[in-house]
Amino acid sequence: MHGGQEVKLLERLYNKVFVNIVVHHESTNVYIEICSKKGVIHSYEESFDTKNLNEQMLSFIHSLCKESPFYYIAILDTSHYQGAIPTCNKNELALYNDMSDCEYKCYQSNWTYYTSKNDLYEIERNYQKIGIDLIYSPFTLLAKFFKDKIDTYIAMYVLIQDEHISLGVSKESKLLYGEHIYLDDDKESEELIESGTTIEIEDEGIDLEDVNIIDDIEEIDSLDDFGNIEDLDAIDDIDEFSTVEDIEEELNENLIEEEISEPTADNFNKEYEIFTKIQKSMNTFYQSSKYESQFIENIYIADSVGLSTDLKKYFEEEMFLTVYIRKIVLSAEVADLAKDEIGL
């Protein structure tokens with residue numbers, strides 16, 4: 001019996017174990033699913049008060065991985081320096097970002113995603129005792145989570161984590177713009193709010209940093225599976241933007257309205273910071289000649305942090321945008337991506 005046939009036979013005898021890791025601001029969530037061909041048999045979840053692999057986390061993972069020789073460890077990329085670019089032409093990449101210190105790949109000859117080499121090395125080093133099989137970009141979650149909308153609407157799609165915002169604008173199966181934003185890189189908004197100073201929303205675009213063109217970069221051999229990014233730009237052909245409200249999404253929001261957090265002073269500061277950063281990013285998309293600007297009327301937000309009603313109010317009252325917010329469980333989404341990738 002050949003090696004490939006032996007593996008297939010063993011796969012029929014054993015379940016598969018999917019270990020899914022999401023690192024937060026001060027903790028790490030590990031969500032594990034044990035699956036047969038028919039679906040999830042058992043699921044386990046633990047949160048650890050650390051951002052690095054420790055003995056408790058290692059013991060938890062090993063205790064469940066030993067149930068099968070077929071286990072896969074996936075992690076959500078939380079690198080500060082990552083993003084998506086609306087081209088695959090190497091000669092055009094430098095118009096958007098300096099890629100000399102990044103690992104980048106083209107997806108379906110359409111757009112390029114990238115992340116910091118140093119951050120990937122750090123992930124590999126931190127988890128060397130267990131090994132990482134799959135690294136997923138937040139743009140992957142965004143694409144899968146809003147696939148029903150991306151296939152239909154031109155809009156901005158946003159994933160909000162406790163330290164990062166990932167956003168993209170898509171139209172007619174084409175990524176027009178993407179950006180990954182690090183929160184708390186400055187305290188200007190918070191300091192102004194606490195001092196009672198009124199913050200003016202800027203209408204100016206933001207100049208991107210100067211970039212240099214490159215021809216090639218080294219591949220990271222031990223992270224060949226990085227960037228199994230699903231198609232973010234899967235919008236069906238439409239002739240023009242429809243201004244009809246998304247009734248289905250409105251109904252979904254009404255169903256979870258009672259779960260929305262009550263506004264607090266901390267929420268006000270944090271969510272105003274989120275609003276201003278997204279607003280600046282949108283201005284860049286509109287005003288920079290680098291991007292194929294299209295009018296945005298709807299924003300779809302994947303909320304992993306428990307937003308209050310404040311953020312939605314900022315967009316609706318100050319920018320006259322229609323905002324739809326869905327709750328998202330990041331670890332479960334990473335698990336779904338891994339299962340899709342492995343072919344379960």
Side-chain angles (χ1 to χ4, degrees), residues 1-23 28-48 53 57-78 105 107-108 113 115 120 123-124 127-151 157 159 161 166 220-234 302 304 326-344:
M1 184 179 292
H2 297 291
Q5 293 175 320
E6 292 176 352
V7 171
K8 289 181 179 179
L9 176 60
L10 290 173
E11 284 185 328
R12 288 196 291 267
L13 297 175
Y14 288 96
N15 294 319
K16 289 184 171 67
V17 180
F18 292 90
V19 179
N20 312 282
I21 301 171
V22 178
V23 180
T28 300
N29 180 257
V30 181
Y31 173 65
I32 299 177
E33 290 184 350
I34 299 177
C35 304
S36 69
K37 287 186 176 181
K38 296 181 179 180
V40 179
I41 301 173
H42 301 290
S43 64
Y44 307 87
E45 187 169 15
E46 291 285 349
S47 183
F48 302 89
L53 180 68
M57 195 187 308
L58 185 63
S59 176
F60 174 62
I61 293 172
H62 278 168
S63 68
L64 294 169
C65 286
K66 68 182 181 182
E67 295 193 14
S68 171
F70 298 99
Y71 60 87
Y72 308 91
I73 299 177
I75 190 169
L76 179 64
D77 186 7
T78 54
K105 293 181 183 292
Y107 187 79
Q108 290 191 347
Y113 55 88
T115 196
L120 290 179
I123 291 173
E124 182 187 30
Y127 293 95
Q128 61 184 343
K129 289 185 178 180
I130 56 174
I132 296 295
D133 300 302
L134 301 164
I135 300 180
Y136 288 110
S137 164
F139 294 97
T140 306
L141 273 77
L142 199 58
K144 179 174 173 52
F145 192 66
F146 283 123
K147 180 171 173 41
D148 58 324
K149 304 305 173 185
I150 290 176
D151 287 346
Y157 300 91
L159 172 63
Q161 303 178 64
S166 305
I220 300 178
D221 293 334
S222 57
L223 289 176
D224 287 339
D225 289 321
F226 166 72
N228 295 292
I229 308 295
E230 293 183 345
D231 193 359
L232 180 63
D233 44 320
S304 72
R326 288 188 196 174
K327 301 287 185 181
I328 184 172
V329 180
L330 295 175
S331 55
E333 293 298 319
V334 172
D336 286 344
L337 290 170
K339 287 182 289 187
D340 287 346
E341 178 68 22
I342 299 303
L344 186 65

Donor-acceptor pairs under 3.5 angstrom involving side-chain atoms of residues 63-72: please list them, not counting sequence neighbours.
| from | atom 1 | to | atom 2 | distance (Å) |
| --- | --- | --- | --- | --- |
| S63 | OG | S59 | O | 3.4 |
| S63 | OG | F60 | O | 2.7 |
| S68 | OG | N15 | O | 2.5 |
| S68 | OG | F70 | N | 3.0 |

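- The two residues K144 and L337 come nearest to each other via the heavy atoms CD-CD2, 3.6 Å.
- Here the NZ atom belonging to K16 is positioned 13.5 Å from the CD atom belonging to E33, to the nearest 0.5 angstrom.
- Atom CG of residue L330 and atom OH of residue Y136 lie 14.5 Å apart, to the nearest 0.5 angstrom.
- Rounding to the nearest 0.5 angstrom, the gap separating the CE atom in M57 from the CG atom in N29 is 9.5 Å.
- In this structure, the side chains of F48 and L53 stay at 4.5 Å or more apart for every pair of heavy atoms.
- Scanning for salt bridge (charged side-chain N to carboxylate O under 4.0 Å, His left out) contacts around E333 gives an empty result, with sequence neighbours left out.
- L134 contributes atom CG, which lies 11.0 Å from atom CG of D340 (distance to the nearest 0.5 angstrom).
- Considering CG of N20 and NZ of K339, their distance stands at 8.0 Å, rounded to 0.5 Å.
- Side-chain atoms of V329 and Y31, non-hydrogen and from C-beta on, never get closer than 4.5 Å to each other.
- Residue I135 is tested with D77, T115, V334 for a side-chain contact (heavy atoms from CB on, under 4.5 Å); the sole match is D77.
- Of all non-hydrogen atoms in Y157 and L142, the two that sit nearest each other are O-CD2, 3.2 Å.
- Within 6.0 Å of NE2 in H62 there are more than 12 heavy atoms belonging to other residues, nucleotides or ligands.
- Here S331 contributes atom OG and I21 contributes atom CD1; the two are 11.0 Å apart, rounded to the nearest 0.5 Å.
- The two residues V40 and C35 come nearest to each other via the heavy atoms CG2-SG, 3.9 Å.
- Side chain of D133 to backbone of A74: no donor-acceptor contact under 3.5 angstrom is found.
- We find that R326 and D148 are joined by a salt bridge, their nearest charged nitrogen and carboxylate oxygen being less than 4.0 Å apart.
- The two residues Q161 and S304 have their closest heavy-atom pair at CA-OG, 3.4 Å.
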